[in-house]
Every structure is written in C-alpha cells, then in structure tokens.
Amino acid sequence: MHTQQSPSPSPDRRLSVLARHLEPSSVAVEGHSNHSIVGAPTSGNDGKQSVFSHIVRAPEDPILGVTVAYNKDTSPVKLNLGVGAYRTEEGKPLVLNVVRQAEQLLVNDRSRIKEYLPITGLADFNKLSAKLILGADSPAIQENRVTTVQCLSGTGSLRVGGEFLAQHYHQRTIYIPQPTWGNHTKIFALAGLSVKSYRYYDPATRGLHFQGLLEDLGSAPSGAIVLLHACAHNPTGVDPTKDQWEQIRRLMRSKGLLPFFDSAYQGFASGSLDTDAQSVRMFVADGGEVLVAQSYAKNMGLYGERVGALSIVCRNADVTSRVESQLKLVIRPMYSNPPIHGASIVATILKDRNLYHEWTLELKAMADRIIRMRQQLFDALRAKGTPGDWSHIIKQIGMFTFTGLNKEQVAFMTKEYHIYMTSDGRISMAGLSSRTVPHLTDAIHAAVTRGR
Ligand code: PLA
C-alpha cells in the first residue's frame, strides 16, 4: 500500500508492470494469483467468444450520423447541411470574437482555480442565465422564485429536468410536438416519462397546425407536461405568432398543463435575444410554474463546451429552494457537478457590458447571414424555375429549413450531389454560403424534376 511517504514506483518498475499486462501469456496482476483470473470470460486469450458477442450494431444517430457519413465522403464538392452548426461565408466553423476575448481574460487571471464547482454549477452563470431568458427585471427572479442549475448544454438540461419530473411530479406524461428534435423522445423516455405527441406542423400548408395543437393539448390529461420550443422550432422553422402563443398559454393554464420550454436558439430566430424569449416570458408573467432548458451551443457558438442551464420557476421562494435541493440529488449521481470552463466564458460575457453588447452584434450577424441564405436559395430556385412553391424557405425561421423533400429525394441528393442532410428533408441554413447555393439549387432541381 502506498503511504504519503513512500516513493512513487520507479519508471522501470512501471514499465515492467505495463509489459506484464500487455504480455499475452500472463494476465497476473500484482498481488493476485494467476488462476483467479485465467479462464474468466473476459480474459480474451482463451479462444472463447466475447461476452458481448450477442450485441447487434446500432444505427448511427439520425442527425450526428449525417456528419459521420459526410466525413467519409472524399468529393471536393461535398456539403454538410445536417447538424445545426453555424458556418461562415467561407464554410468554416466560427469562434465568436467575444468568446476569444473572454477566454483571454480567463487565462490572464492567475487567481482562477480548477476546483470542483458546486453540484448546481457556477453561481454567477446561473443568475445571469436566468436573467437572459426571463428578462433582467423579471419579478420571478426578484421574488426568489427561480432556481437555476448549470447543466451539460441543452441536452443535459432537458435530461435533468426530465429526471426531476419523473421522480417528483405527479403527472409523468410529457407531450412533445410532432415533429420535433429527434432526441426529445429518447431523453424523456429514458428519464422515465411517458412520451406522447401533439400535432404541430401541417405538411399541406407547411405551417403551424394550430387547430390540431389546440385540440391535442385540450384533450391532454390535466397536469400533463408539455414540451414547447421557445423559438425557431426544430426541424420545421415554424413558430406560433404572439397571438397564438397567448391562446396556447391560456389553454395550458386553464388545464393545469406544465410548460417545459426548450430554448436552444435564443437570438438565432430574430437576431434579438429579447424577442426570442417572448414565449417563455409570457408564461412566467402569469405567475405560473415553468421549466426552461437553455443552451449556449448555438447562440454563443460553444457547441463542444457543453454549456447550458435548467431553470425552474416556482410559485414561491420556499418551494423553489426545496426544488433546488432535490435537483442536486438528481445531478450528483449523474455527473457530480458540471465543467467550469464554458460556464466561465458565458459568465464573463454576460456580466461585462461591452462584451455583452459585442455578443449581441455577433449574434445578429449570424442570424442575418442565415436569413440572407434563405433569400438566396429561394431566389435561385425561382430563377431556375424549379417546380413548387418555395416560399416556406423565406417564411420559416431559425437555423433550419424544412424543405418538404422526401427521403428518396434526400438520398438522391446525397448520392449524386454529395449534399448531406437529415432524411426528413431538413437543411441547416447555417451550413450554406453564397458559394454553395448554386450547387444546392441544382441538386434540389434535379431531385424534384427526376422522373418527370
Ligand atoms: N434542443 C433542440 C431543439 C436542439 O435542436 C438541440 C440541438 C438541442 C436541444 C441540444 O443542443 P445542445 O445539447 O448541443 O445544447 N440540435 C442540433 C444538434 C443542433 C444535435 O442534434 O445534437 C441539431 O442539429 O438538431
């Protein structure tokens, strides 16, 4: 046994231990007799089958698998419009200027340490995140009715919220829009909720199926949870109008349905952080309870840093603090506490007036470029005389266009044009540039006129 005084093993000894582990004829581990391990099903050198040999190969993820296929393609004209990740006009990933500045400040600050964060994450980050989504002057925040916990981006925030509800909420059914982001079903089902859907999109009008939505939520059992996309609905790019949100709110409150907002694109829909938070704020303003999952993946370009937050707005401060105490019990056995770096970047930007302002400009520039891509693609299809009404491309908002192209047309475009997108016909407008619009236009034209 090593004590604090004992010297660490010499490099030679470590090497010999390593060599013994690698040697096929010996599986002995120091301090253990050989025969306790030889012949064990996991020993690997006895010609026996793997204990995992029954495992069947899983399919790739419907969204992230598109990137896997794209990476394997060697064509110089290949184009990835699958995952919703922002690209510049040059087709390159973008690290925001403000993020670079914040990182520099963090590196220069010698007082910064790498200790564990609390289970709930970085306190400043949590406060600022709640303000960002609920509004700086939100009465709910002032009345201490909001608990916010830092989670692993949007996905982790949804999962923690789902786990909390499955353990502590009386109604374990969640209604998700049809269609929705593909991961929603799995996140909530694995959290232990029963997942049902409500009508959302009407393929005939390529718009909101408002009547269907009201009917389905109207017949949901009292207390059911309802997943709502705060803005820039994925994959359809179709959001309710302000009036429609108000009707949804009234219906949900009258039936005691519990809203769970997924806010993965704040600032990306309209270019304004406040406008894109309007739906959430309407539900908080009536004093009722709300859950919100926030992601900084898209609006701060922090995809791989995995920064997000779950806020639960409750009726009063006392309930709120009890809810927070239970959230900690949900988080601790999952990943103990969240990572420090990404949340520090966000907090640095949100609390500095100048950085914050600069961020809003960079965000607006990204949103505007996406909107320009919509116009360019629409104009190009019109100019080419491609059959069909393509006006939905400029009407839809956010990162994606739900083109209406079917599975076969998508497969054709991938095979013949090396254009990669999800099989439901969703394209990430953020992956498009003026340079690639003509190629996409040719592909769409060929796909829809094929066999005519
Ligand atoms: N919620 C919605 C509606 C999303 O579209 C996404 C990401 C998330 C949550 C989760 O994002 P995060 O965990 O990275 O914060 N959707 C992407 C990526 C952009 C993905 O599928 O993971 C998409 O292409 O749909």
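Whatever order the structure lists them in is the order used to number ligands and atoms, beginning at 1. All values below were derived from every heavy atom in this structure, side-chain atoms included, with hydrogens, water molecules and symmetry-related copies excluded.
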Practice prompt. Specify the protein heavy atom at minimum distance from atom 2 (C) of ligand 1: its residue, its atom name, and the distance to 0.1 Å.
Written response: D262 OD2, 3.4 Å

Worksheet item: N/O to N/O below 3.5 Å, does that happen between R306 and ligand 1?
Response: yes

Discussion item. Below a 4.0 angstrom heavy-atom separation, can you tell me which part of R426, side chain or backbone, both or neither, approaches ligand 1?
Written reply: side chain

Discussion item. Tell me the contacting part of V83 for ligand 1: side chain, backbone, both, or neither, using a 4.0 Å heavy-atom threshold, strictly below.
Written reply: both

Worksheet entry | Gap separating the CG atom of N183 from the CD1 atom of I63, nearest 0.5 angstrom | 7.5 Å

Worksheet item: Would you say S153 and ligand 1 have an N/O pair spaced under 3.5 Å apart?
Response: yes

Fill in: Short N-O contact, R250 and D286, less than 4.0 angstrom
no

Worksheet item: Is a side-chain N or O of S270 found less than 3.5 angstrom from the main chain of S272, in a donor-acceptor match?
Response: yes

Discussion item. Tell me if a side-chain donor or acceptor on Q150 pairs with a main-chain N or O of L122 at a distance below 3.5 Å.
Written reply: yes

Worksheet item: To the nearest 0.1 Å, how far is atom 8 (C) of ligand 1 from its closest protein heavy atom, and which atom is that?
Response: W181 CH2, 3.5 Å

Worksheet entry | Min N/O separation G154 to ligand 1 under 3.5 Å | yes

Worksheet item: Of all the atoms in ligand 1, which lie at a distance below 4.0 Å from a heavy atom belonging to K298?
Response: 6 (C), 7 (C), 11 (O), 16 (N), 19 (C)

Practice prompt. Run the numbers for me: atoms of ligand 1, each under 4.0 Å from some heavy atom of S295, listed by number.
Written response: 12 (P), 15 (O)

Worksheet entry | Y303 touching ligand 1 at heavy-atom level, < 4.0 angstrom | no

Worksheet item: With a cut-off of under 6.0 Å to the ring centre and 45° to the axis, is R426 in cation-pi contact with F400?
Response: yes

Worksheet item: What do we get for M399 next to ligand 1 when only non-hydrogen atoms under 4.0 Å count, side chain, backbone, both or neither?
Response: neither

Practice prompt. Run the numbers on K92 and T88 for side-chain hydrogen bond (donor to acceptor under 3.5 Å, both in side chains), then give the verdict.
Written response: CA-CA 5 Å; K92 297 268 178 338; T88 62; over 6 Å; no

Practice prompt. Give the contacting part of T155 toward ligand 1: side chain, backbone, both or neither, where contact means a heavy-atom distance below 4.0 Å.
Written response: both

Item to complete: Please work out which of the three classes, parallel, tilted or perpendicular, describes the rings of F188 and H184, given edges at 30° and 60°.
Response: parallel

Practice prompt. Mark yes or no for whether Y200, through its side chain, and H233, through its backbone, hold a donor-acceptor pair below 3.5 Å.
Written response: no

Item to complete: For ligand 1, indicate whether the residue Y296 contacts it via side chain, backbone, both or neither (heavy-atom separation under 4.0 Å).
Response: neither

Discussion item. Within the 4.0 Å heavy-atom shell around A297, which atoms of ligand 1 are there?
Written reply: 14 (O), 15 (O)

Response to the item:
Value for CZ (R372) from CD (E89), rounded to nearest 0.5 Å, stands at 7.0 Å

Fill in: Charged N-O contact under 4.0 Å between D216 and R199
yes

Worksheet item: Do any nitrogen or oxygen atoms of G84 lie less than 3.5 angstrom from nitrogen or oxygen atoms of ligand 1?
Response: yes

